[in-house]
Amino acid sequence: MTAQEAQWLNQIIATEELHVLFQPIVDANQQAIYGYEALIRGPKTSPLHSPLRLFDVATQAGLLVELDLLCRRLAIRRFAELELPGLLFLNVMPLTIVERDFREGLTLSFIQESGLPAERVVIELTEHVPIHDYDLMRQAVAHYRDMGFQVALDDLGAGHSSLRHWSELRPDFVKLDRHFISGIDQEPAKREFLRSILDVARSLDCQLIAEGVETAAEHLCLWELDRGLALLQGFYFARPSLHPPLQLHMLLPATTQLKSPAGRTAHSILRPISAITPACSVPELAERFREVTNLRCVAVVEDGVPIAVVRRNAFLTLFTNPYSHALYAKRRVLEIADPKMLVAEADLSLEALSQQLTDSRDIEQEDFVIVDSHGRYLGMGTIVDLLREITAIQVRQARHANPLTGLPGNILINETLVTYLDQREGFAAAYVDLDNFKAFNDAYGYARGDHVIISLSRLLQAQVESAGGFIGHIGGDDFMMLLPLEQWESVCQQILHSFGVMAPGFYENADRKQGGIHIENRQGAVTFIPFVSVSIAVKPVTDTASCKALDIAAQLSELKHQAKKIAGNSLFVERRGCCVEPAGNKRH
């Protein structure tokens, strides 16, 4: 610890100059945010910006307890201010518990000041020094539980005697150290370790949280490993942020949620309701509301741009006493209009509009204003019309979805391909197919074969959705992807790599050791068939004006046959004669 660091630490504690970030913990089964871990950063301009250095210096200076309590108070206050949903996972030093908080009830006083119920706070025990007095710690943990808090053990498998902590303290949650999640899709030993930990967690009625999920492959591996491992945290979902998301903005493989077809936008629910000017008088608007009984909301527009709205119910409450008419007879509507309104561009997708409505706060959502790309007023929309449109789309999509994977089927694939072409933006169309799948199906049966197809579909979903593309299921073991031009290659390479790691797990031990299966062909001869693999045929589409959807589908079908001639996981790209073969997966 330097003199400068000591000076910074004293200043930080005195001025409370700390930043509280929150990282979501997601529930993959519920497709939702389960809670947030509060994380602390020092001032960016200081040598103590890093939390590791900040707490190390505090330990050396004998100020760890003071710093920990300050962090806890600021995190609780900020969580309440942001009105974040779910649970707050609050990092707490065991040393602080036994030295002060257990005696003085400081955490309880912090949440009482913020108005946060104790049931929404999880005390996450974080080690910087080992626990020596387990009797006292057990008393402290019991004390927290009596007050309504839950308890979590952080970084299982790292630090000091964390396995003993689990045994002694019996926490409600255990967070598995990121070391055991990093690269789990490529390391069988980590998967075996996690299976054992999950068994222990179930026997102790404890929920396991996997920390450090950073890639789609890691997430997919966890999903394949055990559906019961639902609570996940890591950069793959969201990084720590001063203003974290309130909703999960990505699809997780645990379930399938179909998107509405591209092109279904706010314009499809627009109602061309005439606006009023700021100079309009209150009596004029009152007369209009009386004449048009189903008029719910009117926009106030100045120079073509909406500046406020007047809602029917709020407007009529102004006239609830005998003096109202005299009071408002000479006033203009702008004086009583509400400037808080939701404004949506006409080309905003229905999904994005729905999310915007969900995220908006302190704004009445029943009616919203629709504008063009320049912000000029077009008309009004209602949440009822939005829900009706989304429901109709979902019903239609469910009718045309593949029954095995839930992904869009051929009709929706063709419609989406047409929409991509109409948007006049380049994209890459890709055909995905399994090799050696029939032999696997014959050897292991249709149930095991369906498992392979579902696993591939989830892998494709995780990669394609993260790139903002489209994935459809043509049928059997054939899929179609539509990807951004700048991302298609990295997405395809990740799919090939991840499936190569997954494939051996579909086989029994004996077949896995020999790299495939021996199967009798129609002539009665025994043939060796290697592991199932993936072939991807890609056609980059840059000239969308001259292409047709059916032509692209036909060309991809031909390219698929070229891809399947290459052994193993392979990528075949229409390059007009250009042939490239990078290291790793085969590519032509």
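All heavy atoms count here, side chains included; hydrogens, waters and symmetry mates do not. What you see is a predicted model, and the numbers here were worked out from it, not measured in a lab.
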Tell me, yes or no, whether the heavy-atom count around R512 atom CZ, taken from other residues, nucleotides or ligands under 6.0 Å, exceeds 12.
yes
Decide whether E37 and N91 meet the rule of one side-chain donor and one side-chain acceptor closer than 3.5 Å.
yes
F470 and F427: aromatic ring centres closer than 6.0 Å?
no
Salt bridge (charged side-chain N to carboxylate O under 4.0 Å, His left out), that's the test. Do D199 and R195 meet it? Break it down for me.
CA-CA 6 Å; D199 289 340; R195 286 190 181 97; over 6 Å; no
Given side chain to side chain contact (heavy atoms under 4.5 Å, CB included), test I209 with I25 step by step and report yes or no.
CA-CA 8 Å; I209 301 175; I25 297 170; 4.1 Å; yes
So, taking the atom named CD1 in I552 and the one named CG in L421, what distance separates them when rounded to the nearest 0.5 Å?
4.5 Å
Is K175 positioned over the aromatic face of F89, cation under 6.0 angstrom from the ring centre and no more than 45 degrees off axis?
yes
Does this structure show an ion pair linking E508 with R448, if we count only N-O contacts that are shorter than 4.0 Å?
yes
Taking the six-membered ring for Trp, are H518 and F528 parallel (under 30°), tilted (30 to 60°) or perpendicular (over 60°)?
tilted
Yes or no on side chain to side chain contact (heavy atoms under 4.5 Å, CB included) for L194 and L208, after CA distance, side-chain angles and deciding distance?
CA-CA 10 Å; L194 183 53; L208 196 66; 3.7 Å; yes
Spatial distance of atom OH (Y431) from atom NZ (K564) [nearest 0.5 Å]:
9.0 Å
Let me know which of I495, V534, I536 forms a side-chain contact (heavy atoms from CB on, under 4.5 Å) with L571.
I536
I want to know whether F237 and H219 have ring centres closer than 6.0 Å.
yes
Under 3.5 Å side-chain donor-acceptor pair for S533 and N569
no
Short side-chain donor-acceptor distance under 3.5 Å, Y446 and N441
no
Distance (rounded to the nearest 0.5 Å) between F437 CZ and I529 CD1:
14.0 Å
With a 6.0 Å cut-off on the ring centroids, do F440 and F531 count as close?
no
When you look at NZ of K438, are more than 12 heavy atoms from neighbouring residues, nucleotides or ligands closer to it than 6.0 Å?
no
Cut-off 3.5 Å, side chains only: do T382 and D385 have a donor facing an acceptor?
yes
